[in-house]
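Data first, discussion second: the structure below is written as structure tokens.
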There are 2 protein chains.
Amino acid sequence: MVVLPLPFFQLCGMEKINLAIVEDDPLIRESLENFLTEHPSVKIRLIAKSMEEFLAAITDAASRPALDLMLMDIELPGMSGIQGIYHIKQKYPELDIVMLTTFEEEEKIFNSLCAGACSYISKRTPLATIREAIFTVHRGGSYMSPSIARKIAQHFMPKERKEGELLSARQKEIVQGIVDGLSYKMIADKLDISIDTVRDHIKRIYRALEVNSKAEVIRKSLEGEI
Amino acid sequence: MVVLPLPFFQLCGMEKINLAIVEDDPLIRESLENFLTEHPSVKIRLIAKSMEEFLAAITDAASRPALDLMLMDIELPGMSGIQGIYHIKQKYPELDIVMLTTFEEEEKIFNSLCAGACSYISKRTPLATIREAIFTVHRGGSYMSPSIARKIAQHFMPKERKEGELLSARQKEIVQGIVDGLSYKMIADKLDISIDTVRDHIKRIYRALEVNSKAEVIRKSLEGEI
DNA sequence: AATTAAACCACATCAACATGTGGTTGTGCT
DNA sequence: AGCACAACCACATGTTGATGTGGTTTAATT
């Protein structure tokens, strides 16, 4: 995803971003540290080579650093970044977790998001972009690398039209109304057709999907089968 | 989401992006047209004020313009942008659809993505950023505005456990039956209780969840709210 | 003992749903 | 021209769902 960089002054006056980094590759870790340390709005509080090292450093409340955001790899020696999120969130419930990784397949992406990551960046991303992403996340937004964002969009996108798709466009509109919890009358009013037309569409939808109730239609729809 | 702008030369040599715009607000429509027309890599093929106008313009295969990408609002007079995606995809199955809208609530976002949009941009986004997003999408990536990306991340994020769970164990069994598409009678038979007991449970479930229909219960359940 | 809550149940009314049968119109195809 | 299909519509019947009111029993808590 591409946007113009925010003017520097927009971050002046803000508190510093307390950052942690968990990265096993020494070159990447040092590049990140060197680059991010240069910016006056970023304070690197903790750097670790593994999840175990990181968790050990935050176990004791007395010595635990205040953190706003962390950059974390997925593939780490020992516990993975994804597995570590659960433990991290116990100590820092409000922490913004940004995954920084080479993995771009759906499983890793959604496992990260479902675990609690709020941003997912490909390691092929320039350092300046990573820094902008940190600022964006800190302001309450999120950053996904363009290829990641595309995968997320594709996750939701209807699957490729199969030969002989089960439902027509109009029928799908009716289904959407059902899924939205509308009554037949409401659907009729919304689509500007008669309630008997809605009933007729529903009869055909039930026949096509081999179901006999609204509930079954809703479930098929929400589970991506329509 | 924020990234450094791509160097201009990266797009040189590429074919022009054949673009369509569907936007009812005249000021926005003209701003977009004027700004995007300036770039040599963008060719605006079609502009419409409504979905109906757009669909009318693409009905005839002989006069239908070649399109690679379109920018579309959601709230349009008559058919909404989301509703129109079904029809558009029939004529342009491979078209990249970028939603450009003021709406930022989850329902619109996910309805758009589920309908087939591959990018969702807030109207508060600068024109230069919109143009960069067009290039990103055309290259196979996607762009989501930072606030949109955050909502998507939050959609997957585990929900905070509320104090005092809403439903009892038995109620959850009833809910499972509803989600499975069972009728009241079927649930009664399955749990070996009377249909009036099922009705009573459902009354209490509806009150606890603040809903009034099976459909809403199913939706809340499949979306992880129960 | 008294109270509360969950689970169970009954009866009632009205609206919505599921399904059947029958029809017209417009569009696209052969 | 004839056919098929989608979309539209009407009327009908029986079932299911939503909701209201009222009740009993059991277990846990105070």
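Here is how names work: the chains are called A, B, and so on, in the same order as the sequence lines, proteins then strands, and each is numbered from 1. Keep in mind the model is a prediction, meaning the values are calculated, not measured.
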Specify the separation, in whole Å, of atom [atom1] of [X] and atom [atom2] of [N].
| X | N | atom1 | atom2 | value |
| --- | --- | --- | --- | --- |
| B:M186 | C:dC17 | CE | P | 18 Å |
| A:L167 | D:dA7 | CG | C1' | 14 Å |
| A:D196 | D:dA12 | CG | C1' | 10 Å |
| A:I202 | D:dA6 | CD1 | C1' | 16 Å |
| A:R170 | C:dT27 | CZ | P | 15 Å |
| A:R199 | D:dA7 | CZ | P | 19 Å |
| B:I187 | D:dA18 | CD1 | P | 10 Å |
| A:I195 | D:dA7 | CD1 | P | 19 Å |

Short side-chain to backbone donor-acceptor contact, B:D68 and B:I17, under 3.5 Å: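 Judged by distance alone, no pair lies under 3.5 Å.
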Does a nitrogen or oxygen in the side chain of [X] sit under 4.0 Å from OP1 or OP2 of [N]?
| X | N | answer |
| --- | --- | --- |
| A:T197 | D:dC9 | yes |
| B:K203 | D:dT19 | no |
| A:Y206 | C:dT19 | no |

Touch check for [X], heavy atoms < 4.0 angstrom, all strands: base, sugar-phosphate only, or nothing?
| X | result |
| --- | --- |
| A:K185 | nothing |
| A:D200 | base |
| A:S194 | sugar-phosphate |
| A:S168 | sugar-phosphate |

Identify, between B:K214 and B:R207, the residue whose nearest nucleotide on DNA chain D lies closer to the 5' end.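 This one resolves to B:K214.
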Which one, D:dG17, D:dC9, C:dC8, comes nearest to the side chain of B:Y184?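 Nearest listed nucleotide: D:dG17.
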Residues A:E104 and A:S122: side-chain donor-acceptor under 3.5 angstrom: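 There is such a pair (donor and acceptor under 3.5 Å, judged by atom type) between the side chains of A:E104 and A:S122.
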Checking B:S213 against B:E216: is there a side-chain donor and acceptor pair closer than 3.5 Å?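 Yes - a donor-acceptor pair under 3.5 Å links their side chains.
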Passing option when B:N18 is tested against B:H138, B:R45, B:K43 for side chain to side chain donor-acceptor pair (under 3.5 Å):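 Only one of B:H138, B:R45, B:K43 forms a side chain to side chain donor-acceptor pair (under 3.5 Å) with B:N18, namely B:R45.
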Under a 4.0 Å N-O cut-off, is there an ion pair linking B:K108 with B:E75?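 No, no charged N to carboxylate O under 4.0 Å.
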